[in-house]
Amino acid sequence: MSQPSVPQRAILALLAGTILLPITICVVLGVASLLSAMGDLAGGGVLQRVALACGIFWVVDLLCLILVLAIQAVTDHDKPDDS
């Protein structure tokens with residue numbers, strides 16, 4: 001039995017990031033808005049930057065997931081079927 005070209009744990013980690021990062025972004029933006037409304041403009045600004053960083057990381061995660069799944073599809077297609 002040959003090794004898979006892409007480990008399942010890598011796909012699972014990327015998929016978990018794809019699902020959890022938007023939730024994290026929403027929570028951080030909500031807290032940033034709350035802090036800004038309470039008068040803590042510095043704290044709100046910092047959390048907005050953190051949410052922006054999470055958003056950038058989410059886009060990178062999505063691109064990596066697409067690339068990993070494409071690699072898996074290409075390498076699995078080249079393998080002959082046993083049946």
Side-chain angles (χ1 to χ4, degrees):
M1 181 175 281
S2 65
Q3 292 282 62
S5 58
V6 178
Q8 293 293 344
R9 286 187 178 199
I11 296 173
L12 186 61
L14 289 170
L15 191 59
T18 301
I19 294 169
L20 295 176
L21 278 171
I23 297 168
T24 304
I25 293 167
C26 290
V27 169
V28 171
L29 281 176
V31 173
S33 296
L34 178 65
L35 286 177
S36 295
M38 292 173 57
D40 187 4
L41 297 178
V46 167
L47 286 181
Q48 285 179 349
R49 303 281 187 204
V50 169
L52 178 63
C54 288
I56 293 170
F57 185 67
W58 181 50
V59 170
V60 171
D61 182 54
L62 288 173
L63 292 174
C64 289
L65 181 62
I66 290 170
L67 289 174
V68 165
L69 291 177
I71 290 169
Q72 184 181 21
V74 168
T75 56
D76 286 348
H77 181 68
D78 292 340
K79 293 179 186 175
D81 291 335
D82 290 338
S83 56

Flag yes if [X] and [Y] sit in one hydrophobic cluster, no otherwise; membership is Ile, Leu, Val, Met, Phe, Trp, Tyr, and two members link when side-chain heavy atoms are under 4.5 Å apart.
| X | Y | answer |
| --- | --- | --- |
| Ile71 | Ile66 | no |
| Leu15 | Val6 | yes |
| Val68 | Leu12 | no |
| Phe57 | Leu62 | yes |

Which atoms form the tightest heavy-atom contact between [X] and [Y], and what is the distance?
| X | Y | result |
| --- | --- | --- |
| Trp58 | Gly17 | CD1-O, 4.0 Å |
| Ile25 | Ala51 | CG1-O, 4.1 Å |
| Leu41 | Ser36 | CD2-O, 4.0 Å |

Separation between [atom1] of [X] and [atom2] of [Y], rounded to the nearest 0.5 Å:
| X | Y | atom1 | atom2 | value |
| --- | --- | --- | --- | --- |
| Leu14 | Ile19 | CG | CD1 | 11.5 Å |
| Leu29 | Thr24 | CG | OG1 | 11.0 Å |
| Cys54 | Ile23 | SG | CD1 | 12.5 Å |

Answer whether the closest heavy-atom distance between the side chains of Ile11 and Gln8 falls below 4.5 Å. yes
Any donor-acceptor N/O pair, Asp61 side chain to Thr18 backbone, under 3.5 Å: yes
